[in-house]
Undergrad: 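What follows is a single structure, and I will ask about it in a moment.
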Amino acid sequence: MLLRSSSGPGSGNGPSLPELHRRLKWVALVVLLAFGFLVGRLWQLQVMRGDSYYERTVSNVVKERYLPSVRGKILDAKGVPLADNRPAFNIYATPKQMTDATRIELSRMLGLSDDELAKLDERLAVGKKRDPRSPVLILEDQGRDRAALVEQSLTKLPGVEVHHEPYRFYPQGDLAAHLIGYMTQMTAAEADRLGNQGYDPSELVGRYGLESAWENYLRGKKGKELYAVDARGQRLDEKTAATLIAGERTTAAVPGANLVVTVDVELQKIAEKAVSHVAAAAVVIVEPRTGKIRALVSKPSFDPNVMTGHLTRAEETLLLSDPRKPFIDKALRATYPPGSVFKFVTALAALEDGQGAEDESIFCTGQYQLSKTTFKCNGSHGKLDLVGAIQHSCNVYFWELAQRIGLDRMAEEARMFGFGAPTNLGLNGDAGGRIPTKAWYEKDSRYKVGFATNAATGQGDVEVTVLQMAMAYAALANGGTLWVPQIVDRIEGSDGRPIKTYEPAVARRVKLSADSLDTWRRGMWKVTNERGGTAFDHGTFDLVPVMGKTGTAEIRTKKRKEEDERDVEGYHPTRSHAWFAGWAPAEDPDIAIVVFVEHGGSGGRVAWPIAQQILDGYFTKIKGMPRPASDDVRVPNARGKVLKR
Amino acid sequence: MRGTGLQLPRATIGVSRWRRFRAAVDWPLILTIVAICTIGLFNLYSAVHDSKHQVKFDSQVQWMLVGVIAFAVATIVDYRAMVRLAWVGLGIAAALIVLARLQGATGHDDRHGSTYRWLFIGGFGIQPSELVKVMMILVLARMFQDTETSSRYEPRALALRLIVIAVPIGLIAVQPDLGTATLLILIVLTTGFLAMPNVWPVVHVTLAGLLAIPLVWESMHEYQQNRILGFIDCNLAPDKGSCWHTQQSIFAVGSGKIWGKGYLGGTQNQFNFVPEHWTDFPYSVWAEEWGFAGSVLLLAIFAFLLVWIINVALSARDRVGAVICVGVAAMTFWHVVVNVAMVLGVAPVVGVTLPFVSYGGSSLVTFFIAMGLVANVSLRKHGY
């Protein structure tokens, strides 16, 4: 024992404080218990939980910051950028270090407006609540001058930082906006879900179009920087940081891959210009030889720059109250009754089955009687053979064919051409549409023969997408190869090195005899090239031979206007949809084209002139064909009226 | 040496007085204090170096020199003479508390009452409540200087003294400095338990005190209540500040693991995550940098110091000396236990220093004087 027994009380009179001697064991007990307790607690903190506390202290000092990766570009077939990046200068401040003096100095230096100051204060206040030690963005996307001013005086502005961050930029404005898409901030739920995939809650994520569908290729991989801070959040110098953080402190960001699309910006521009005078429309142009999409238009459009940046409340309301639904892709997502452009399904099914023949004539009285219902044709065409019926778009002829082959046979033929199922483009919710069958009707109620009559002319319950129609006409143009539409040609690294090239993919070889196809094509030829053709009467295209089919799809039920919708000039929701589907040149065509004008009226009068204008642009500007100088060449204007030059 | 009452060991003729004095000095006690002071200085350097608080290190060294002189004086002047004047000393200390109060009331604003704790004399700030601790120990020695037959242990006499003792404690409590007040009560009770011939009155007073806790709670300031609430459960305290201190202190201690992060290597300490770590939380600095090994070592040194003081008490030549040692032991014990418990998050955050390790002149000098008293008793045990 440490207690010295040898040096007891100096006298022999007994201890000087006998009480202490008597209670010594209590003293020993209490001291032992108290110190034992403290040692036990130390054991618990330092030995048992030491590792986890160590982690905590490291996370106190070591902070990490994401280094943004440069997002991949979206380029057109010729390398013209559709989506690009530009440098933006963002000014950050750490709330804990931001004093009034700093705020005043910053405000004076940059000449901040009251609005900017108010926003700055608000952001600082929010940041202070969340984590006063981590920097918050106080001034976003500042000019080069302001950034330089701040960077020069960083010593006078403690806690202020300037970061150069790449911002998404769409140089073509609202061109091909549905195709390109845009980016927005993640929702809270997405942030939770994507958090462990390396997303930062403040990041933007592809929201629409290619930006969304090809997100994984475009985004690249963020880098990370570890740095050390003291208790006030003040960043410590590099030397100190090196002693605190083992290993690499920065992991460089990996830039995203570039997407090269099959679309040609020039053709896209021509197509968008051609529909500029109508309120709502869609255009799809594909190569029948490959299934590559050369232009993809959905109107009305939006500016992805605005969507990606800061959409104001007013702009948002305007977009959301638009009855034309600007955010629904009219080429891929929306489905419409196709009208007469669908008639090839009826004709080919009948011809293949031997239920119809090119030279069989049927007399059109202008109406068609089926039990108690009378169906009205678009005119009294008299005696017509099949080619004539296509040329004049005589409904009676096709109604008669429909009676012979039945609804399910037509549905079978339609499905062969890709209707009723998504095209697998994998973009913007690429819809399947609807091809009704007997079974489908009988699910809800009784089947009526009139349903087949309606379907024969692309009315009733038939609904298709504009893209499906384009792929089907491309198949008609190339002799029966139904392609999977292709929009991405290849993926390239940020340095241009190829990563992946996509080959055209065949969806199906449509079983089709050459004779049946020729019959249909002869009809199409007459539509655009002979007097009485539904298109011919509204102008001709003389640069190259072209063939096509018009459609005027009637609206079955008047759509009731929703409460929050506003009126749009030139948009009449009660009118028919105008269609034109065709290709050029007539033999071995370069392009197949489908023009759709929502509630545009007559296909021949409205859609066909648009197609002419696009074809004119395509052959003169892109193919470089000289326009014949002679006076008798008729150039259609936008309204489809034929003008003499 | 008669004048001072200093009795040196009867030694061989020819041995000088100095050598006899040197032989009588309690070297183990001094070496233990030197060891703790060395650790304290090293630790303080780590806590304040390279910061605006760096001057605190120099200041602490200066106060240590003052402390050594105070130690020498407290050792050489006969403790029996001091004890005779104990009541007067306590009165003076109490008067200084009142003076500090008046000075504070006229001068500074009340920031949690901290200005009332300080008495400023010519630029120096001292805390009179620290002086009260020493005086209280001397008063206790005087109270318990007689054996059990004395009339001093009659209930009325005890009650009267208790009331007089309560006055300075009350003054400190309303400063408000509940930590020091509580500590004084603990010193009085502990000494009473070990020095009263009949232990029961002390038990009764203790029980009465425990019953009075709700009353004390009611009269406490809000920030004091918050600290205690925060200690019980961090979510109860409306002010998370004190809670955060304790949390960061626990992180610091725990992160030291077994061998510590190395001298000057404690990130919690170096980058100021534990606030005011040089005064109330130096043990967290030590524990972070030296780990479980160092933490236990420092506790062991304090334990040895305690054992040694008790040892001196046991071998003291008279009852007065023994009680002084018991009082000093009680004060050291409670300071160490409460401070370390606070750092380890098992006691509420109260301003109780770690002897010789915490930064602060008043505390340092007080402990030097207290240890001087022990050395004093130890020195004189050889007399008859």
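Atom set for the values below is all heavy atoms of this structure, side chains included, hydrogens, waters and symmetry mates excluded. All values reported here derive from a predicted model rather than from experimental measurement. All chains are named by letter (A, B, ...) in the order of the sequence lines, taking the proteins before the strands, and each is independently numbered beginning at 1.
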Undergrad: Enter the distance from A:Leu17:CG to B:Leu194:CG here, rounded to the nearest 0.5 Å.
TA: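 CG of B:Leu194 is found 8.0 Å from CG of A:Leu17.
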
Undergrad: Could you check whether any side-chain N or O of A:Arg23 sits under 3.5 Å from a backbone N or O of B:Phe193, counting only pairs where one atom can act as donor and the other as acceptor?
TA: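 Yes: the side chain of A:Arg23 pairs with the backbone of B:Phe193.
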
Undergrad: Quick check against the 3.5 Å criterion: does A:Gln46 have a side-chain atom that pairs as donor or acceptor with the backbone of B:Ala287?
TA: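 Pair found, side chain donor or acceptor close to backbone of B:Ala287.
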
Undergrad: What part of B:Val337 gets closer than 4.5 Å to chain A, counting heavy atoms only: side chain, backbone, both or neither?
TA: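 Contact with chain A involves both backbone and side-chain atoms of B:Val337.
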
Undergrad: Are more than 12 heavy atoms from other residues, nucleotides or ligands located less than 6.0 Å from atom NZ of A:Lys119?
TA: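 Not buried by this count: 12 neighbours or fewer within 6.0 Å.
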
Undergrad: Less than 4.5 Å to any heavy atom of chain B: does that hold for the side chain of A:Trp43, its backbone, both, or neither?
TA: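 Both parts, backbone and side chain.
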
Undergrad: Can you tell which part of A:Val27 gets under 4.5 Å to a heavy atom of chain B, answering side chain, backbone, both or neither?
TA: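 For A:Val27, the side chain is the part near chain B, not the backbone.
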
Undergrad: Check for a donor-acceptor pair, side chain of A:Thr57 on one end and backbone N or O of B:Gln268 on the other, with a separation under 3.5 Å.
TA: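 Between the backbone of B:Gln268 and the side chain of A:Thr57 there is no qualifying donor-acceptor contact (under 3.5 Å).
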
Undergrad: Might you point out which heavy atoms bring A:Phe35 and B:Phe302 nearest each other, and give the distance in Å?
TA: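 A:Phe35 and B:Phe302 have their closest heavy atoms at CE2-CB, 4.3 Å.
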
Undergrad: Check whether A:Arg41 reaches the backbone of B:Val346 with its side chain - one donor and one acceptor, N or O, closer than 3.5 Å.
TA: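 A pair under 3.5 Å: no.
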
Undergrad: Below 4.5 Å from any heavy atom of chain A, which atoms of B:Val199 appear? Answer side chain, backbone, both or neither.
TA: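 Both the backbone and the side chain of B:Val199 come within 4.5 Å of chain A.
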
Undergrad: Of the backbone (N, CA, C, O) and the side chain (C-beta and beyond), which part of B:Phe333 lies under 4.5 Å from a heavy atom of chain A, both, or neither?
TA: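 It is the side chain, since no backbone atom gets that close.
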
Undergrad: Could you check whether the rings of A:Tyr53 and B:Phe251 sit parallel, tilted or perpendicular, using 30° and 60° as the cut-offs?
TA: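 The arrangement is tilted - the two ring planes meet at 30° to 60°.
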
